[in-house]
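Down below is the structure, laid out as structure tokens.
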2 protein chains.
Amino acid sequence: MNYSISEENYIKAIYRLQSTREPVSTNALAVELDTKPASITDMLKRLKVKKLVIYYPYQGCRLSAEGTRLALGIVRRHRLWEYFLAEKLKFNWNEVHDIAEELEHVSNGQLIERLDAFLGFPRFDPHGDPIPDSSGKIATPSQVKLTTLGAHTKAKVSGLADQSQDMLNLLQQRNITIGTIVEINKKFGFDHSLEIKIPGNPPFIMSEQAAQNILVHHELEA
Amino acid sequence: MNYSISEENYIKAIYRLQSTREPVSTNALAVELDTKPASITDMLKRLKVKKLVIYYPYQGCRLSAEGTRLALGIVRRHRLWEYFLAEKLKFNWNEVHDIAEELEHVSNGQLIERLDAFLGFPRFDPHGDPIPDSSGKIATPSQVKLTTLGAHTKAKVSGLADQSQDMLNLLQQRNITIGTIVEINKKFGFDHSLEIKIPGNPPFIMSEQAAQNILVHHELEA
DNA sequence: AATATTTTTTAGATTTGCCTAAAAATAAAA
DNA sequence: TTTTATTTTTAGGCAAATCTAAAAAATATT
């Protein structure tokens with residue numbers, strides 16, 4: 001089957017929201033997609049006919065098996081393009097998302113398989129998110145929030161909980177990217193802020209709020 | 001400005017048809033775009049409002065300066081993607097067109113400039129067609145039909161007049177691609193067919209019809 | 001439990017891009 | 001130069017995806 005860009009965007013949004021709250025409410029979707037609730041209801045009825053979502057009036061929605069398959073395909077395309085843009089075209093970490101948002105809708109199976117091979121079958125995109133493989137399998141890496149680590153520990157940055165522009169800018173300013181090894185020098189009980197050190201840079205203070213959004217791969221030797 | 005996929009396809013079609021006949025008739029466009037003449041009239045009126053085409057009822061259309069600029073941008077995107085697909089993703093010469101047809105509508109200036117740099121600023125796509133540069137300048141290479149060359153001359157294949165699937169298949173079977181050096185062994189007066197030799201392959205006969213569609217860059221030493 | 005508030009859905013309109021059928025303009029033929 | 005044929009345009013409709021405004025259902029509050 002072939003789906004419209006709009007349909008794909010709805011499926012992707014439901015997939016995203018589903019990971020935190022299920023079922024997904026009409027209002028939540030409207031906020032996510034920046035449209036009106038009435039438009040959401042309309043589209044949900046169409047997606048239900050196409051058997052991509054489970055939906056009953058007033059009860060929110062969730063993806064069907066087929067919808068999930070589609071969502072994983074879109075996520076795969078999106079993240080492979082992000083990897084390509086960052087790795088090959090040298091875009092910044094925080095510039096790749098919007099472009100990948102367009103490229104992901106180019107649907108040609110061969111294209112994505114060959115792109116994957118060309119890139120060397122990467123398992124994580126530049127934001128540290130796992131890339132589903134061609135069969136739809138997706139790794140769930142053991143990511144933990146930076147705030148959960150104790151003082152005097154090191155860890156490798158592997159992802160972000162909040163990928164807003166503000167967050168991306170903050171990290172760029174601090175020279176933190178995916179793969180950066182961060183060391184926690186000190187934890188301040190007063191406001192739970194952290195003193196962080198990364199190789200080649202002076203230590204700095206990070207708020208608890210920011211640190212909560214930084215996911216690290218696994219704790220390293222002290 | 002940002003244009004829809006449909007609008008871009010119209011502009012591209014007008015650009016293509018314009019090179020042989022101007023102004024471009026409504027019917028010719030309908031055939032080219034595989035739609036009905038009434039739909040063409042509809043769209044031409046919209047494109048006129050947007051100042052992309054010069055159009056007066058019953059008199060056909062042609063691109064405005066702005067329309068030409070847009071067309072060259074689309075052609076540039078299309079051909080750079082074709083080059084990427086063939087060169088980096090190892091697609092066959094004859095498979096790249098349809099995929100590039102989708103990718104060309106992803107409109108992000110930075111993306112195309114960086115792709116161009118990544119590819120090493122190629123001047124011709126895998127079909128031998130010139131790629132407009134970022135300012136819209138396009139090379140008009142001194143291509144001549146293979147049939148115009150005399151016997152015992154060599155030349156480098158640089159393009160195709162007819163890029164139909166049949167033609168592409170025929171060339172693939174003969175191991176002819178862009179850049180191949182072809183040598184004319186003999187010309188047969190009877191049916192104007194040619195005996196052609198390419199390095200590493202046995203000589204073979206090609207019809208006048210096929211040879212007319214093969215464009216070569218310039219005659220080489222005998 | 002009754003009322004108020006929030007969420008969701010329906011109803012009706014709009015825009016884009018396409019269609020068919022019929023009318024009008026242009027071009028070709030007798 | 002009429003008549004015929006072709007090309008092009010208009011008129012009216014349709015489907016997708018959106019909107020606003022109003023009604024209906026679900027949830028929360030007193």
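Residue numbers start from 1 in every chain, and the chains themselves are labelled A, B, ... in the order their sequence lines are given, proteins ahead of strands. A quick note: this is a predicted structure, and the numbers were derived from the prediction, not measured.
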Extract all donor-acceptor atom pairs below 3.5 Å that involve side chains of residues 21-35 of chain B and protein atoms in other chains or at least two apart in sequence.
from	atom 1	to	atom 2	distance (Å)
Glu22(B)	OE2	Arg62(B)	NE	3.4
Ser25(B)	OG	Ala28(B)	N	3.0
Glu32(B)	OE2	Arg16(B)	NH1	2.1

Side-chain donor-acceptor contacts of residues 102-113 of chain A below 3.5 Å, not counting sequence neighbours, with atom names and distances?
from	atom 1	to	atom 2	distance (Å)
Glu104(A)	OE1	His78(A)	ND1	2.7
Glu104(A)	OE2	Lys12(A)	NZ	2.7
His105(A)	ND1	Glu8(A)	OE1	2.7
His105(A)	NE2	Asn9(A)	OD1	3.1
His105(A)	NE2	Glu101(A)	O	3.2
Asn108(A)	OD1	Gln110(A)	N	3.2
Asn108(A)	OD1	Leu111(A)	N	3.0
Gln110(A)	OE1	Arg114(A)	NE	3.1
Gln110(A)	OE1	Arg114(A)	NH2	3.4
Glu113(A)	OE1	Arg76(A)	NH2	3.0
Glu113(A)	OE2	Arg76(A)	NH2	3.2

Using atom types as modelled, flag every donor-acceptor pair under 3.5 Å from a side chain in residues 40-59 of chain B to any protein atom, sequence neighbours excluded.
from	atom 1	to	atom 2	distance (Å)
Thr41(B)	OG1	Pro37(B)	O	3.3
Lys48(B)	NZ	Tyr55(B)	O	2.8
Lys50(B)	NZ	Glu7(B)	OE2	2.6

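More than 12 non-hydrogen atoms from other residues, nucleotides or ligands lie less than 6.0 angstrom from CD of Gln165(A).
Scanning for side chain to side chain donor-acceptor pair (under 3.5 Å) contacts around Glu66(B) gives Arg69(B), with sequence neighbours left out. Under the side-chain contact (heavy atoms from CB on, under 4.5 Å) criterion, Ile205(B) pairs with Phe188(B), Ser193(B), Glu195(B), not counting sequence neighbours. Applying the side chain to side chain donor-acceptor pair (under 3.5 Å) test to Asn175(B) and every residue at least two apart in sequence or in another chain returns Asn201(B). For Thr20(B), there are no side chain to side chain donor-acceptor pair (under 3.5 Å) partners, not counting sequence neighbours. By the side chain to side chain donor-acceptor pair (under 3.5 Å) test, Asn169(B) pairs with Asn94(B), sequence neighbours left out.
At a threshold of 4.0 angstrom between heavy atoms, the contacts of Ser39(A) include nucleobase atoms, whether or not backbone atoms are also involved.
DNA chain C lies under 4.0 Å from at least one heavy atom of each of the following residues of residues 48-63 of chain A: Tyr55(A), Pro57(A), Tyr58(A). Less than 4.0 Å separates DNA chain D from at least one heavy atom of each of the following residues of residues 6-18 of chain A: Ser6(A), Tyr10(A). For residues 30-37 of chain A, proximity to DNA chain C is found at Pro37(A), defined as any non-hydrogen atom under 4.0 angstrom from a strand atom.
Here chain A contacts DNA chain D (any atom closer than 4.0 Å to a heavy atom, that is under 4.0 Å), and the contacts span dA17(D) to dA26(D) from 5' to 3'.
The interatomic distance linking Leu44(A) (CG) with dT7(C) (P) rounds to 17 Å, in whole Å.
Between Phe91(B) and Phe84(B), the gap from one ring centroid to the other reaches at least 6.0 Å.
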